[in-house]
Number of protein chains: 2
Amino acid sequence: MTIAEVSKKYDISADTLRYYERIGLLPRVNRNKSGIRDYSEEDCNWVEFIKCMRSAGLSIEVLIEYISLYQKGEHTNQARKEILIEERDKLILRIDELNKTLERLNWKIEQYGKWSK
Amino acid sequence: MTIAEVSKKYDISADTLRYYERIGLLPRVNRNKSGIRDYSEEDCNWVEFIKCMRSAGLSIEVLIEYISLYQKGEHTNQARKEILIEERDKLILRIDELNKTLERLNWKIEQYGKWSK
DNA sequence: ATAACATTTAAACTTAACTCTAAGTCAATA
DNA sequence: TATTGACTTAGAGTTAAGTTTAAATGTTAT
């Protein structure tokens with residue numbers, strides 16, 4: 001797949017895809033004879049994974065670390081698992097906080113409802 | 001209360017408090033005879049509200065709009081309510097997305113568990 | 001085979017949201 | 001009363017995460 005196709009499929013700009021690869025957030029994508037990126041299915045899976053994790057607030061920094069460990073092979077499994085657990089726990093706290101704020105917003109909206117009908 | 005006290009109480013730097021006031025994200029705080037900020041209880045309530053809403057991801061831009069409407073008086077109630085509803089709905093979607101990612105992380109962590117124990 | 005368009009790289013630029021600096025004022029303390 | 005330390009403003013600097021630009025090369029449709 002070309003960068004344009006991947007960009008469209010995952011709704012991430014080609015610029016961002018190149019940027020992610022440049023900083024090591026995506027494993028290096030193979031080029032064809034003329035130097036143009038040709039994304040494999042595994043590349044696409046990484047793109048999708050990164051998109052999902054970024055949208056959940058995981059920092060680029062921590063994801064670079066995760067990918068770097070992945071590329072070092074199976075002996076990094078424990079370390080990778082620890083990263084995921086740490087991020088998972090942060091996410092739980094975050095969701096909790098957001099739910100509290102949601103309740104607060106709901107309450108405030110109700111107050112407005114009392115006069116503004 | 002002085003800016004240092006408010007800063008400590010809400011864990012927001014004095015720089016940030018001044019910055020928020022400067023850009024209209026906080027209503028202008030009264031100064032004493034020598035020009036030093038003296039935060040009233042209402043000021044503090046705003047600080048706490050802003051902190052909470054920012055941490056939930058509401059943009060500074062939308063909060064400035066909300067506060068600006070507030071300062072224009074009761075006839076802006078409907079508009080303010082609409083802002084809150086819009087942000088509340090965005091927040092619900094966000095929480096939903098985060099919960100899905102949380103499930104995915106949990107699943108991945110379990111996969112790691114299978115070999116790395 | 002030439003115009004029009006996509007891709008490449010490196011590097012500069014942008015944006016949101018702060019954060020720091022400089023130069024000055026003011027209040028409390030030694 | 002001299003110094004120490006918090007506060008003031010305006011404006012410059014920082015950070016994370018892209019986005020845009022420039023200059024070159026490659027590809028496709030006529």
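Remember, it's a predicted structure, so these values are computed and weren't measured experimentally. Proteins come first, then strands; the chains are lettered A, B, ... in the order of their sequence lines, and each starts at number 1.
Look at B:Glu97 and B:Arg94 and you find a salt bridge, because one of the NZ, NE, NH1 or NH2 atoms lies within 4.0 Å of a carboxylate O, short of that distance. Classification of B:Arg31 and B:Glu21 as a salt-bridged pair holds, one side-chain N sitting under 4.0 Å from a carboxylate O. Taking a cutoff of 4.0 Å between a charged side-chain nitrogen and a carboxylate oxygen, A:Arg104 and B:Glu48 qualify as a salt bridge.
Looking at residues 42-62 of chain B, you'll see that no heavy atom sits under 4.0 Å from any atom of DNA chain D. A heavy atom lying under 4.0 Å from DNA chain C marks none of the residues of residues 89-102 of chain A. Non-hydrogen atoms lying under 4.0 Å from DNA chain D are contributed by A:Ser13, A:Asp15, A:Thr16, all within residues 2-17 of chain A.
B:Ile3 places a side-chain heavy atom less than 4.5 Å from the side chain of B:Tyr39.
Following rounding to the nearest Å, A:Tyr19 (OH) and C:dA12 (C1') show an atom-to-atom distance of 14 Å. Rounded to whole Å, atom P of D:dT25 lies 17 Å from atom CG of A:Asn32. Remark: P of D:dT20 and CZ of A:Arg22 are 14 Å apart, rounded to the nearest angstrom.
No more than 12 heavy atoms of other residues, nucleotides or ligands sit less than 6.0 Å from atom CD of B:Glu86.
Distances were taken from every side-chain heavy atom of B:Arg18 (C-beta onward) to each of D:dT27, D:dC7, C:dT19; the shortest belongs to D:dC7. Proximity note for A:Tyr20 (side chain, C-beta onward) versus C:dC18, D:dG18, D:dG26: the nearest is D:dG18. Checking C:dT7, C:dC26, C:dT19 against the side-chain heavy atoms of A:Ile36 singles out C:dT7 as nearest.
Between B:Trp46 and B:Tyr70, the ring planes lie perpendicular to each other; the angle is over 60°, past the 30° to 60° tilted range. Relative orientation of the A:Tyr112 and B:Tyr66 rings is perpendicular, given thresholds of 30° and 60° on the angle between their planes.
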